[in-house]
Amino acid sequence: MTSTDPFSLATPYRTDTCGALRATDVGREARLAGWVHRRRDHGHLIFLDLRDRHGITQVVMDATESPDSHSAAGRVRNEFVVTAAGVVAARLPGTENTRLPTGAIELRAAEIEILSESKTPPFYINDPDAPIDESLRLKYRYLDIRREPMTRRLLLRSRLVQAIRETHHRAGFVEVETPILIKSTPEGARDFVVPSRLQPGSVYALPQSPQQLKQILMVAGIDRYFQIARCFRDEDLRGDRQPEFTQLDLEMSFVTEDGLMDFVEGMIVEVTQAVLPDRPIASVPFPRLTFEEAMERYGSDKPDIRFGMELVDLASVVERGSGFKVFDEALASGGRVKAIVAPGLGGASRREIDELTETARRFGAKGLVHLAVTAEGVNSPIAKFLTDGMATRIAQATGAGEGDLVLVVADTPDVTADVLGRLRAELGIRLALADPKVLSYLWVHRFPMYKWDTEGGRWDATHNPFSGVIPADEALLTTASGDTGRPSPDDPAGRAHAMQYDVVLNGWELGGGSVRIWRKDLLERSFALQGYTLEQMHERFGALLEAFDYGPPPHGGIALGIDRWAALFSDQTNIREVMAFPKTSSGGDLMLEAPSAPEPEQLAELGLRFVGIEPKKQPPA
Ligand code: ASP
């Protein structure tokens, strides 16, 4: 039964995939091909579970019905590749497998051929829950990808990218590929560099993002660009970071901040519904928090708002003197006294409290004050210092009820917010406060344009040196002295807000972007505040600035992390779980054994020599 449809999955090796056959196929001939997932030898009958990425089908070899196939199946072992043909039969009543979509039927094989053999794999492929050392999974990634959870995640990722492409094409976007060998495009990380053979002594940088190129595409009139872009950033790795990663990179011309955010939001909703139709989105339109509001309420610019536990300002309770020096001094020196309530943690053990305090210290707090609300009143180790009734008033102000634990931090505004924000995130996980099914997107926008760089004596762009200023703050792009070339920490520029926005999903920064500065006068002012003359900026961003001499349209864009998005969609906390061939935390590829020592000829051709570095041993060939 060969198909004439060139797009059909049927080939001479199979009429159907291992996930296709159903009760309605009973009685017809079929041929399957795949890997032997499991083999059960019952003497007279041999059962093979045959697996491909579409599913698993039971194949039966009966010694009486087809002695040849029965004896061939005797040589088969797990992970052998076979093709088997026969008649689809209903399983005997009581032997159906309701957990498999193909579980009502089996293929009674009249013929089976071994296409290739396999060594015994280093770990179980047929047990999705088997604990396997990750380095083994990475070394034998092809076997790991055969495992159902990995296959499923890669399929989900493929669907995600497909949905992204569909939506963008429908919205008039053009997919343009930008080069990998370019000149440095700084995004705040170290560059990977590639020495040039044809131009000895010079290097390419791998793009940290296609930022300059996509802005140049706007000058080129492409109007709406997107790309599933590979980016490279040489930085220390964490669970949500890899040295090379993929982002949905897009840029639009003739847009306002609102218009851009509206498109991105609509696209995200459509893509989410296409990939995960059953997962509820917490709120559409997405909540929009200003950066200040996010920090004030959640102590984070990427809060998980699936649960409350908002930060409570205790200034009005303690401002006339609390009796506790740490609180009073923090307020007097311009700091903050703020609290969160951990529901039901009032009975926390000494050890649990110590752990929380340790966490707070790790994040930079000098200490963590706790108050437990009990039926008898409020207990706290600092109660003896507090003025009469103060402990109760603090608890009341936070809304804590009986059985709850109030955690207070008194420190500089930044430390107070950051520590409580991180404690909030940790407690949210520990107390399982967030509904795991819900996808809670939100926008954080209106970031400060600049941050004062004490060492450099200048204003640093908080995100991107090309981020635009919100129109109402345009007049603030100046210095106290009036000379933009002489910035100081009290400049009005420090109060300006950028047309910069981040998309957050369940406590992860999914992406960010901005409406760009495209007007030359504003660019020059902004660069001067950042301590650069236009000439110096030309050295770093020459091509883009030159392009801006030829009619740049108003434009803006964003980039969203595809790895993070796929990880969140598959309930993973590590992006390695949604990447086919990721790197370890020391940047290694265990399967390809990269990085590796270069051949001496390669170094000679490039005119390079390692100095002061013990050459890495080449693995035996
Ligand atoms: N280039 C930025 C990034 O890669 C995103 C953007 O501003 O569009 O994070």
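Ligands are counted one by one from 1 in listed order, and the atoms in each one are counted from 1 as well.
- The proximity of Gln215 to ligand 1, defined as any non-hydrogen pair under 4.0 Å, does not occur for either the backbone or the side chain.
- Using a 4.0 Å cut-off to heavy atoms of Ile558, the atoms of ligand 1 that qualify are 8 (O).
- For Arg424 and Phe307, the positive end sits near the middle of the six-membered ring, less than 6.0 Å away and at most 45° from its axis.
- In the vicinity of Arg233, heavy-atom distances shorter than 4.0 Å reach the ligand 1 atoms 3 (C), 4 (O), 9 (O).
- His169 has its ring centre less than 6.0 Å from the ring centre of Phe226.
- Ring-centre distance between His168 and Phe173: below the 6.0 Å cut-off.
- The atoms of ligand 1 that sit less than 4.0 Å from any heavy atom of Lys214 are 6 (C), 8 (O).
- Regarding atom 5 (C) of ligand 1, its nearest protein heavy-atom neighbour is Gly512 O, 3.3 Å.
- Within the 4.0 Å heavy-atom criterion, neither part of His463 lies near ligand 1.
- Heavy-atom contacts of Gln247 reach the following atoms of ligand 1: 4 (O) (cutoff under 4.0 Å).
- Across Arg297, Arg446, His497, a single residue satisfies side chain to side chain donor-acceptor pair (under 3.5 Å) together with Glu292, and that is His497.
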Walk me through whether Ser514 and Arg516 qualify under side-chain hydrogen bond (donor to acceptor under 3.5 Å, both in side chains). CA-CA 6 Å; Ser514 62; Arg516 325 295 179 189; 2.7 Å; yes

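- With ligand atoms numbered from 1 in the order given, ligand 1 contributes 5 (C), 8 (O) to contacts under 4.0 Å with heavy atoms of Ala559.
- Near Arg516, meaning under 4.0 Å from any of its heavy atoms, are these atoms of ligand 1: 6 (C), 7 (O), 8 (O).
- Residues Phe232 and Phe245 keep their aromatic ring centres 6.0 Å or farther apart.
- For Ser526 (side chain) and Leu522 (main-chain N/O), no donor-acceptor pair under 3.5 Å exists by modelled atom type.
- Taking the centre of each ring, His463 and Phe447 come in below the 6.0 Å mark.
- Annotation for ligand 1: atoms under 4.0 Å from non-hydrogen atoms of Gly513 are 6 (C), 7 (O).
- Below 4.0 Å from some heavy atom of Gln211 lie the following atoms of ligand 1, by number and element: 1 (N), 2 (C), 5 (C), 6 (C), 7 (O), 8 (O).
- Contacts between Ser209 and ligand 1, counted as non-hydrogen atom pairs separated by less than 4.0 Å, involve the side chain only.
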